[in-house]
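The analysis underlying the following values was restricted to heavy atoms, covering all of them including side chains, and did not include hydrogens, waters or symmetry mates. Count residues from 1 along the sequence.
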Amino acid sequence: MWKWGKLELGWGFGALIVLALLGGAGPALPPVLLAAACHELGHLSALRLAGARVERLRLNAFGAEIRADTRRLSYPREIACTLAGPAVNLALALLLARATLHFTAAGANLVLGCFNLLPIPALDGGRALHLLVSWLWEPLTADTVSRRTGLLCALLLTAAALFLT
């Protein structure tokens, strides 16, 4: 683990980069990493605007994790902070495709933005769903809805992958 202020880089992150390079992702890697950086900057900017204190940003083999003190945020503000990352990616995808015709970068942003909107608990879409259900009903109901929706989504993705192979 490498630390620099509030930024932590896990060994898995470095291993993932090396594996991507060994797998031939060289030319596509910079746009993907830039899309991921813009995604996290979207979250960090929204958190800062909302007045939340960011405690740490950790990059590991599974992606990025932002730890922030969101206890004072209302549900709508926390949902906005959660969806800010995918929103930045989708806006960049549109901008890059239309204005610059840089389709690799546009595609990286589009895929990252859409993927993170999936209602799987570890992703932004799952977090936003949990917050929305907590706001409308209660956190216990949100736990059940999030788990079941995430499981259904995972099953549908697995079925689609099996069908395509």
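Remark: side-chain polar atoms of N89 are paired, donor with acceptor, to backbone N or O of A35 under 3.5 angstrom. Counting only distance, with no hydrogens or angles, the side chain of T165 and the backbone of L162 share a donor-acceptor pair below 3.5 Å.
Interatomic distance, CG of L47 versus CZ of R67, reported as 13.0 Å (0.5 Å rounding). Note that the CZ atom of R58 and the CG atom of L7 stand 11.0 Å from one another [nearest 0.5 Å]. How far CG of L73 is from CZ of R71: 11.0 Å, rounded to the nearest 0.5 Å. In this structure, L59 CG and E8 CD are separated by 9.5 Å, a value rounded to the nearest 0.5 Å. For the atom pair CD (E40) and CG (L57), the distance works out to 6.0 Å, reported to the nearest 0.5 Å. Expressed to the nearest 0.5 Å, how far OG1 of T70 lies from CZ of R53 amounts to 11.5 Å.
Side-chain contact between T141 and L136: absent, with no pair of heavy atoms (C-beta onward) separated by less than 4.5 Å.
Criterion: ILVMFWY side-chain heavy atoms under 4.5 Å apart, direct or through other members. Under it, L44 and F13 are part of a common hydrophobic cluster.
Taking all atoms of both residues into account, the shortest heavy-atom contact from N60 to F62 is OD1-N, 2.8 Å. Considering every non-hydrogen atom in both A105 and P31, the closest pair reads CA-CB, 3.9 Å. The nearest pair of heavy atoms linking F115 to L123 is O-CD1, 3.4 Å. Nearest heavy atom pair, residue P121 against residue G150, reads CD-CA, 3.9 Å. In terms of heavy-atom proximity, K6 sits nearest to E55 at CG-O, 3.6 Å. Pairing each heavy atom of F103 with each of A97, the nearest pair is CE2-O, 3.8 Å.
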Side chain to side chain contact (heavy atoms under 4.5 Å, CB included) between N109 and V88, worked out | CA-CA 8 Å; N109 277 286; V88 165; 5.8 Å; no
